[in-house]
Every structure is written in structure tokens, then in C-alpha cells.
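The structure appears below as C-alpha cells.
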Amino acid sequence: MKILKSLGYLAAADILSLFIGLTLASSSLTVIRVICAVCTSGILICFIASYAVRSAYGDRRNERISGKKISRTVIAAQGGILSLPPLVSWILLYISHSTGSFDFYRWHKLINGFFLQIYNLINSDASVSALNQGQIFLMLMLVPIPMICFFAAYTVAYRKERGASGNE
């Protein structure tokens, strides 16, 4: 259930980011693209951090009630699943670029709507053939951001809640 909830938050962030990103995508001004990139990435960070904080507080509450610690595997799965769609999308983009058999760049941008404007700043063309190897590997750097955001927010909230309950 937690994994599905994680994917739901990621999808919600993607949809809202796509709405904002596609609304402002027609602008060719770099300043507007940078502002939009910050806003859509911020949406991702806020959605994931909010979910992570709620999850950490819920886990601490369940630990106090049941007396059993939450499994680290569950937490790792929650965070890891958030970077799975961007990773699979990037792998398909890489295969698309390497083989030239299909053009996946447009779909990659839509699947990762929270990074749409960052991708447009890297290369605004809609064709995978316009990308070079360096640009594709630069896009790989964005893949772990949802996971890192989740782990950072979860850890801070869990420790804060742990300190507040007196269980140091």
C-alpha cells in the first residue's frame, strides 16, 4: 500500500508539473524556462517531502503503539520506487538514442514532467537524434532526485519525531 501511495504522490507531482510546464513551455525566453524549471522541480520536492514527513510521523506513531520498529526495507522500497519511473524512462531514452529505432525523447519529457523545462534547457529539440551522449548522461543525474528528497525528508521528520517523543 505504501508503495502505491508513493507512486500516487509522484504521479500527482508529475501532473501538476506538466500543467505548469506545458503552460509556460511555449516561451522561448531562458528566464521564463529557468523560473518554470525551479517551480516544477519545487512541486516535486514539496509533494515528495510532504509525503515523506507524513509517512515518518505515521511510522513513529505505529512504532509507539505496536512496539515494533518499522522495517528499513519498507522505507527503502518507498524511496526507491520514486526513482523507478524516471530510471525506466531514462533507460528507454538511452536505448532509443543508441539504436535509433524509435524516438522516445518526447515521452521521456512527459513521463518526467517535473523536469520538463530542465530537459528543454538541456536540449529543446523534441527528437532523440538531436541529443548527444553527454546530454543523455546529464539527464541521468536527475533520476535519483525523488528518492533523495524522500530519504532526506523522512530522516529529518523521523528523527524530529523520535526526539519529541523522548526516545533518543
* **pair Asn112-Leu142: side-chain heavy atoms closer than 4.5 Å** => no
* Say whether Ile3 and Ile70 are linked into one hydrophobic cluster, either directly or through other cluster members, by side-chain heavy-atom distances under 4.5 angstrom. => yes
* Between Phe151 and Ile148, is any pair of side-chain heavy atoms under 4.5 Å apart? -> no
* Asked: Does the side chain of Ile111 reach to within under 4.5 Å of the side chain of Val88, using non-hydrogen atoms?
  -> no
* Between Ser50 and Arg54, a side-chain donor and acceptor under 3.5 Å -> yes
* To do: Enter the distance from Asp103:CG to His97:NE2 here, rounded to the nearest 0.5 Å.
  => 10.5 Å
Give every donor-acceptor pair under 3.5 Å between a side-chain atom in residues 80-87 and any protein atom, sequence neighbours left out.
unit_1, atom_1, unit_2, atom_2, d
Ser83, OG, Val143, O, 2.8
Ser83, OG, Met147, N, 3.3

* Is Arg72 positioned over the aromatic face of Tyr158, cation under 6.0 angstrom from the ring centre and no more than 45 degrees off axis? -> yes
* Are Phe104 and Val128 side-chain neighbours, meaning at least one heavy-atom pair lies under 4.5 Å? -> no
* salt bridge (charged side-chain N to carboxylate O under 4.0 Å, His left out) between Arg64 and Asp59, intermediate numbers included -> CA-CA 9 Å; Arg64 282 194 306 271; Asp59 289 348; over 6 Å; no
* Asked: Does Ile136 offer a backbone N or O that forms a donor-acceptor pair with the side chain of Trp90 under 3.5 Å?
  -> yes
* Kindly indicate, with the supporting measurements, whether the criterion side chain to side chain contact (heavy atoms under 4.5 Å, CB included) is fulfilled by Leu44 and Leu10. => CA-CA 7 Å; Leu44 171 71; Leu10 186 68; 3.8 Å; yes
* Between the main-chain N or O of Ala130 and the side-chain N or O of Asp125, is there a donor-acceptor pair closer than 3.5 Å? -> no
* Take Gln78 and Tyr51 through the side chain to side chain donor-acceptor pair (under 3.5 Å) test and state the conclusion after the steps. => CA-CA 10 Å; Gln78 275 181 278; Tyr51 170 63; 2.8 Å; yes
* Asked: Would you call Leu93 and Met139 a side-chain contact if the rule is heavy atoms closer than 4.5 Å?
  -> yes
* What heavy-atom pair brings Cys36 and Gly21 nearest, and what distance separates the two atoms? -> SG-CA, 3.7 Å
* State plainly whether one hydrophobic cluster holds both Leu131 and Leu116, where clusters connect Ile, Leu, Val, Met, Phe, Trp and Tyr through side-chain heavy atoms under 4.5 angstrom apart. => yes
* Can you get from Leu110 to Phe102 by hopping between Ile, Leu, Val, Met, Phe, Trp and Tyr side chains that sit under 4.5 Å apart? -> yes
* Separation between OH of Tyr57 and CG of Asn62, rounded to the nearest 0.5 Å -> 15.0 Å
* To do: In sequence, state the C-alpha distance, the side-chain angles, and the governing distance for Tyr105 and Asn123, and then conclude on side chain to side chain donor-acceptor pair (under 3.5 Å).
  => CA-CA 10 Å; Tyr105 189 41; Asn123 189 328; 5.4 Å; no
* Is any side-chain heavy atom of Ser89 less than 4.5 Å from a side-chain heavy atom of Trp107? -> no
* State, yes or no, whether a side-chain contact exists between Ser96 and His108 at a heavy-atom distance under 4.5 Å. => no
* Geometric class of the Phe47/Tyr9 ring pair [parallel <30°, tilted 30-60°, perpendicular >60°] -> perpendicular
* To do: Tell me whether Val34 is reachable from Leu138 by hopping between hydrophobic residues (I, L, V, M, F, W, Y) whose side-chain heavy atoms are closer than 4.5 Å.
  => no
* In Å and rounded to the nearest 0.5 Å, what is the CE to CD1 distance from Met141 to Ile118? -> 13.0 Å
* Do Phe114 and Ile145 come within less than 4.5 Å of each other through their side chains, counting heavy atoms only? -> no
* **Spacing of Ile122 atom CD1 and Lys109 atom NZ [to the nearest 0.5 Å]** => 9.5 Å
